[in-house]
**Q** 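Before I ask anything, here is the structure I am working with.
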Amino acid sequence: MSLSPGAPEFADSHLIELLDGFGLAVKYVRAEGDTLYHDDGAGGEIGVLDLASGFGSLILGHHNPEIVAHAKQLLDEQVPVHAQFSGYSFGIDVAAALNRILRRELGTEEKFYGLFGNSGAEAVEIAIKHAEMDRGMKVAELLDGIEANLATAAEAVAGGAAPSAAALAALGVDTFDALAEEVRRRNAVTAARQPLFLALEGGFHGKLVSSIQLTYNADFRTPFKALAAQARFVPADRVDLAAKIVEEERVALLDVEVRAGAVELVERDFPVFAAFFAEPIMGEAGIKPLTADTARKLREVCDAVGVPLVADEIQSGMGRSGSFLASVHSGLRPDYVVLAKSLGGGIVKTGVVLVRESRYRKEFELLHTSTFGKDGFSSRVALKVLEMLEADDGAAYRRAAERGARARSAIEAVVAEFPDVLLEVRGQGLMLGVQFHDQSGSADELFREWSEHHVFAFALAGYLLHEKRIRIFSTASNPNTLRFEPSIFITDEQIDAFAAALRDVAQVVRDQDSAKLAR
Ligand code: F0G
């Protein structure tokens with residue numbers, strides 16, 4: 001059986017060469033539920049259990065019949081896909097539906113404003129921009145306050161006050177006017193500094209120009225470091241270290257005060273940091289849910305630093321964890337929530353940032369626009385997805401939890417049989433990761449080589465695809481972890497087929513039979 005479509009010349013040739021080396025370059029021609037089909041070369045098709053699941057964007061499966069019927073109806077009804085800048089948009093309906101859900105799950109009466117984009121990374125970039133605009137407005141307020149204090153001091157000087165010797169010496173000047181000018185000059189330099197972001201080690205927030213700087217994986221991030229503001233990273237289990245980082249990065253604005261007839265210099269903390277980004281279940285890090293302790297410390301740090309806490313629920317949200325937001329499980333209380341992936345129902349591309357009213361800067365609406373953002377078709381599909389998830393008092397969330405528990409216990413049984421090969425299964429609901437032990441110390445040369453090049457899971461994936469007709473990948477930054485993120489419609493048979501295949505491949509690894517994997 002050859003699954004390879006041959007090396008194309010015009011796109012992805014390098015990637016396809018890599019995938020082809022593991023038998024993973026396949027041209028799929030049809031998709032349905034949790035199954036992808038490729039042709040068998042003889043006019044028929046071969047089904048593959050798809051556990052890669054659109055990288056977690058198929059909570060309702062490929063071509064969910066209800067969503068497809070709805071989409072067809074929208075096209076037949078000639079729903080306006082484009083009616084930009086008309087004030088009203090179907091995006092408002094999506095934001096309204098999301099408000100009901102977020103308020104319920106986060107236990108707040110506060111309103112959330114929706115800002116729409118077309119993908120996960122784009123929604124993250126919108127969150128970055130909004131947070132930076134908020135920071136910039138705070139800086140402007142601080143500078144206005146300093147300007148007012150300089151004016152007060154100037155009046156005092158006209159009335160006989162004078163700058164203190166210490167103030168003049170600190171700035172190397174000898175008159176009040178020179179002091180005021182130097183305060184303004186230094187503050188302008190400080191205000192023009194790039195902001196910093198806080199994010200978690202191992203985190204993934206996208207690959208666009210700014211979002212890639214919040215993504216921990218250095219291979220993805222560092223080539224583009226010069227293009228955008230940087231993040232300082234803290235381990236999820238040591239969020240308290242953020243306080244030390246903030247102290248290290250502390251910068252002050254200069255201000256003046258008139259005390260007992262003397263103009264004195266004082267320092268005001270400059271807002272260096274714009275936001276703290278965290279995934280409630282860290283996906284690319286290897287499917288690692290945040291603990292309640294981490295969630296609490298994140299809130300404390302953000303309150304202390306005065307930055308918004310951004311929950312990147314792009315992968316963990318939309319019901320996958322057993323509730324709409326994975327934040328619910330650890331008690332994370334975000335200021336912004338970012339969603340994408342499954343919001344598009346597996347057929348459209350859309351992303352959104354929800355910002356708490358108390359943190360919202362309405363001026364942003366006039367600055368950020370996108371031709372395709374919140375288009376009518378995507379928004380109406382997204383609305384349908386939300387209706388389906390919320391139907392029957394959240395039956396979809398209960399189903400995600402139940403299917404997830406069923407899958408987890410099947411996988412746990414295999415882990416228990418192969419503790420020498422499998423480290424553990426982690427996650428929540430239908431966002432599970434199965435971690436294999438590192439093979440870099442293996443006696444087998446190929447196993448060692450795959451491990452060193454972080455492609456051990458590619459070899460597992462190639463074997464599972466060819467021998468078991470199961471498509472599954474590893475997480476990007478934890479290459480020994482396979483990610484299991486199927487739809488809520490995954491059946492017992494499919495779960496058992498995966499567990500049996502995992503058992504089989506674990507045996508191959510236990511036997512250190514790289515020839516069998518590579519075949
Ligand atoms: N944030 C998280 C938590 C993600 O998992 C992803 C994508 C993004 C942001 C970016 O979204 O791809 O629509 O621009 N994760 C993919 C994955 C790459 O493999 O799960 P995007």
Side-chain angles (χ1 to χ4, degrees), residues 15 19 24 50-59 116-129 197 199-217 219-221 224 228 231 233 236 275-290 309-321 325-327 330 332 334 336-354 370 372-373 378 382 427-428 430-433 454 457-458 461 471-479 481-487:
L15 174 66
L19 292 173
L24 290 168
D50 179 24
L51 298 174
S53 313
F55 287 155
S57 52
L58 298 169
I59 189 69
F116 288 80
N118 302 285
S119 69
E122 193 181 322
V124 167
E125 301 257 336
I126 292 170
I128 289 171
K129 279 184 66 181
F197 290 84
L200 296 179
E201 285 184 7
F204 188 97
H205 300 290
K207 288 183 175 171
L208 289 181
V209 170
S210 291
S211 47
I212 193 61
Q213 294 308 322
L214 309 185
T215 291
Y216 184 64
N217 189 315
D219 292 346
F220 299 151
R221 171 168 47 88
F224 308 102
F233 296 96
F276 200 143
F277 279 73
E279 297 158 86
I281 302 174
M282 301 182 72
E284 296 308 302
I287 318 289
K288 296 180 174 169
L290 297 187
L309 173 54
V310 184
D312 180 344
E313 292 257 16
I314 288 168
Q315 196 171 158
S316 59
M318 301 297 301
R320 178 165 296 291
S321 71
L325 296 178
S327 291
S330 58
L332 192 71
Y336 298 14
V337 174
V338 194
L339 297 165
K341 293 204 192 249
S342 286
L343 182 61
I347 59 170
V348 301
K349 299 164 205 164
T350 184
V352 64
V353 188
L354 286 311
S370 151
F372 294 117
S378 302
Q428 216 127 34
L430 286 172
M431 189 165 174
L432 297 175
H454 305 301
F458 282 53
R471 178 177 132 92
I472 191 163
F473 293 131
S474 51
T475 53
S477 305
N478 189 327
T481 298
L482 294 179
R483 58 199 282 196
F484 178 90
E485 297 181 58
S487 84

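Numbering of residues begins at 1 and proceeds along the displayed sequence. Just so you know, ligand 1 is whichever comes first in the structure, and atom 1 is the first atom listed for that ligand.
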**Q** Identify which of Ala121, Gly351, Ser57, Ser53 has a heavy atom lying nearest to atom 21 (P) of ligand 1.
**A** Ala121
**Q** Which one of Glu313, Arg483, Gln315 has a non-hydrogen atom at the shortest distance from atom 19 (O) of ligand 1?
**A**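 Answer by nearest heavy atom: Arg483.
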**Q** Using a 4.0 Å heavy-atom cut-off, say whether Glu284 meets ligand 1 through its side chain, its backbone, both or neither.
**A** side chain
**Q** Salt-bridge test for Glu279 and Lys288: reply yes if a basic N is under 4.0 Å from a carboxylate O, no otherwise.
**A** no
**Q** Test your reading of the model: is there a side-chain donor-acceptor pair from Gln213 to the backbone of Phe224, 3.5 Å cut-off?
**A**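 Present.
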**Q** Are any non-hydrogen protein atoms located under 4.0 Å from atom 13 (O) of ligand 1?
**A** yes
**Q** Which value, rounded to the nearest 0.5 Å, describes the distance between Ile281 atom CD1 and Met431 atom CE?
**A**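 Nearest 0.5 Å value for the CD1-CE distance: 5.0 Å.
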**Q** Looking at every non-hydrogen atom in both residues, tell me the closest pair between Arg483 and Glu284 and how far apart they are.
**A**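 So the minimum-distance heavy-atom pair works out to NH1-OE2, 3.2 Å.
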**Q** If you look at every heavy atom in His205 and Val124, which pair is closest and at what distance?
**A**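 It is O-CG2, 3.4 Å.
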**Q** For atom 4 (C) of ligand 1, which of the options Phe277, Phe204, Phe220, Phe473 provides the nearest non-hydrogen atom?
**A** Phe204
**Q** Which is it for Ala340 and ligand 1 at heavy atoms under 4.0 Å: side chain, backbone, both or neither?
**A** neither
**Q** Look at the side chain of Ser477 and the backbone N and O of Ala285, then say whether any donor-acceptor pair between them is shorter than 3.5 Å.
**A**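 No.
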**Q** Could you list the residues that satisfy side-chain contact (heavy atoms from CB on, under 4.5 Å) with Ala123, not counting sequence neighbours?
**A** Val338, Val353
**Q** Would you say Val124 has any N or O atom under 3.5 Å from an N or O of ligand 1, going by distance alone?
**A**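 No; every N/O pair is 3.5 Å or more apart.
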**Q** How does Lys349 reach ligand 1, if at all, at less than 4.0 Å between non-hydrogen atoms: by side chain, backbone, both, or neither?
**A** neither
**Q** What's the shortest distance from atom 7 (C) of ligand 1 to any protein heavy atom, and which residue and atom give it?
**A** Lys341 NZ, 3.3 Å
**Q** Please work out, at 4.0 Å between heavy atoms, whether the side chain, the backbone, both, or neither of Glu279 comes within that distance of ligand 1.
**A** side chain
**Q** Counting only N and O atoms by type, is there a donor-acceptor contact under 3.5 Å from the side chain of Lys349 to the main-chain atoms of Gly344?
**A**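 Checking the backbone N and O of Gly344 against the side chain of Lys349, no donor-acceptor pair under 3.5 Å is found.
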**Q** Need the ligand 1 atom indices (1-based, order shown) with element for anything under 4.0 Å from a heavy-atom of Asp312.
**A** 1 (N), 2 (C), 3 (C), 9 (C)
